[in-house]
Protein chains: 2
Amino acid sequence: MPMSKVFDALSHPIRREVLELLKGGGMTAGDIADYFPVSKPTMSGHFAKLKEAGLIQGENRRGSVVYTLNMSTLEEALHTFMGRMGLGRAEGEARPGTKPQGETQ
Amino acid sequence: MPMSKVFDALSHPIRREVLELLKGGGMTAGDIADYFPVSKPTMSGHFAKLKEAGLIQGENRRGSVVYTLNMSTLEEALHTFMGRMGLGRAEGEARPGTKPQGETQ
DNA sequence: ATGCAATTTAGGCATTTAGCTAAATGCCTA
DNA sequence: TAGGCATTTAGCTAAATGCCTAAATTGCAT
């Protein structure tokens, strides 16, 4: 439900890339951090924001933390917002108020 | 292409509501501002961020500024990101790298 | 040229962000 | 229990955000 936090989390390219990386399955904080040219503490801050938005979760695993993607939070935020904007993912959905809107200038 | 700026613009509820309001057609800055419980200068700052992200544009019209939605920027950013995340809007679209995600341990 | 209405800019304040280094904590293994 | 690796917390700086009031701008009409 924290749509603002989700979009805020998505507003940084490193955090978006982390999500893409996690599509392939869980990864440790260290392995993720090695992909990016910033310090590990900085990455830890990015993980915290992603976690706060509900987009990832961390699990302690033998001295490491394995982060995994929470795709449902992402889907829900995106679909809710797109629904409000009339950007449904179906094809012929003529919605009220969706005038083709002639370009200004 | 400024995907970070688009998501950043979407991270504030007032800015998202402005976009929804503009679905119905262009509106003047003043008319939009009247919908929200913040000062007009604050709203002007929100308009500036939306404009910077390419989500709206303003046109001078008889002493007022009429803002209109730029839906294509929104669609492009959202669809590009969803594509990268494997959140295609069709149902059977097996894209490369879009493993159904069974392998999370 | 004056004035009015609409909008933006300027300046200020409190909070947050993104980055860093250095230090602390956790958790295995020997 | 001591060492060592992995991760986070602490503490800092510089810059950005979100909000405000007051002032400047712009455009149209007297």
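Treat the numbers as computed from the prediction; the structure is a model and nothing was measured. In the text below, chain A, chain B and the rest are named by the order of the sequence lines, each starting its count at 1.
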Q.
Strictly below 4.0 Å: does A:R61 bring a side-chain N or O up to OP1 or OP2 of C:dC28?
A.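 For A:R61, the contact criterion (side-chain N or O under 4.0 Å from OP1 or OP2 of C:dC28) is not met.
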
**Q.** side-chain N/O B:H12 vs D:dA16 OP1/OP2, d < 4.0 Å
**A.**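 Answer is no, no contact under 4.0 Å.
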
Side chain of [X]: nearest nucleotide among [options]?
{"X": "A:S64", "options": "D:dT9, D:dG18, D:dA6", "answer": "D:dA6"}
{"X": "A:P41", "options": "D:dT7, C:dA22, D:dT17", "answer": "C:dA22"}
{"X": "A:K49", "options": "C:dT17, C:dT8, D:dT8", "answer": "C:dT17"}
{"X": "A:T28", "options": "D:dT7, C:dT8, D:dT8", "answer": "D:dT7"}
{"X": "A:H46", "options": "C:dA18, C:dA22, C:dT9", "answer": "C:dA18"}
{"X": "A:Y67", "options": "C:dT7, D:dT8, C:dG19", "answer": "D:dT8"}
{"X": "B:V38", "options": "D:dG27, D:dT8, D:dC19", "answer": "D:dC19"}
{"X": "A:R62", "options": "C:dC28, D:dT7, D:dT17", "answer": "C:dC28"}
{"X": "B:S39", "options": "D:dT21, C:dT8, D:dT8", "answer": "D:dT21"}
{"X": "A:T42", "options": "D:dG18, D:dA10, C:dG19", "answer": "C:dG19"}

Would you kindly give the [atom1]-to-[atom2] distance between [X] and [N], to the nearest whole Å?
{"X": "B:M43", "N": "C:dT7", "atom1": "CE", "atom2": "P", "result": "11 Å"}
{"X": "A:R15", "N": "C:dT17", "atom1": "CZ", "atom2": "P", "result": "8 Å"}
{"X": "B:D8", "N": "C:dA18", "atom1": "CG", "atom2": "C1'", "result": "13 Å"}
{"X": "A:N60", "N": "D:dT8", "atom1": "CG", "atom2": "C1'", "result": "11 Å"}
{"X": "A:D31", "N": "D:dC5", "atom1": "CG", "atom2": "P", "result": "16 Å"}
{"X": "B:E52", "N": "D:dA16", "atom1": "CD", "atom2": "P", "result": "11 Å"}
{"X": "B:E17", "N": "D:dG18", "atom1": "CD", "atom2": "P", "result": "15 Å"}
{"X": "B:I14", "N": "D:dC20", "atom1": "CD1", "atom2": "C1'", "result": "13 Å"}

Q | Exercise: identify the closest heavy-atom pair between B:M85 and A:L74 | A |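 So the minimum-distance heavy-atom pair works out to CE-CD2, 3.9 Å.
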
Q: Using the six-membered ring wherever Trp is involved, compare the ring planes of B:F81 and B:F7 and label them parallel, tilted or perpendicular (cut-offs 30° and 60°).
A: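 Aromatic pair B:F81/B:F7 classed perpendicular.
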
Q. Parallel under 30°, tilted from 30 to 60°, perpendicular over 60°: which one fits the rings of B:Y67 and B:F47?
A.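 Rings of B:Y67 and B:F47: tilted, 30 to 60°.
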
Mind checking who [N] pairs with, Watson-Crick or G-U wobble, both distances under 3.5 Å?
{"N": "D:dC28", "value": "C:dG3"}
{"N": "C:dC28", "value": "D:dG3"}
{"N": "D:dT9", "value": "C:dA22"}

Q. Hey, what do you get for CG (A:L10) to CG (B:L78), rounding to the nearest 0.5 Å?
A.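 Those atoms lie 9.5 Å apart.
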
Q | Side-chain (B:R15) to main-chain (B:A9) donor-acceptor, under 3.5 angstrom | A |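 A pair under 3.5 Å: yes.
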
Q) Any sub-3.5 Å donor-acceptor pair from A:T73's side-chain atoms to A:G54's backbone N or O? A)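 Answer holds: yes.
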
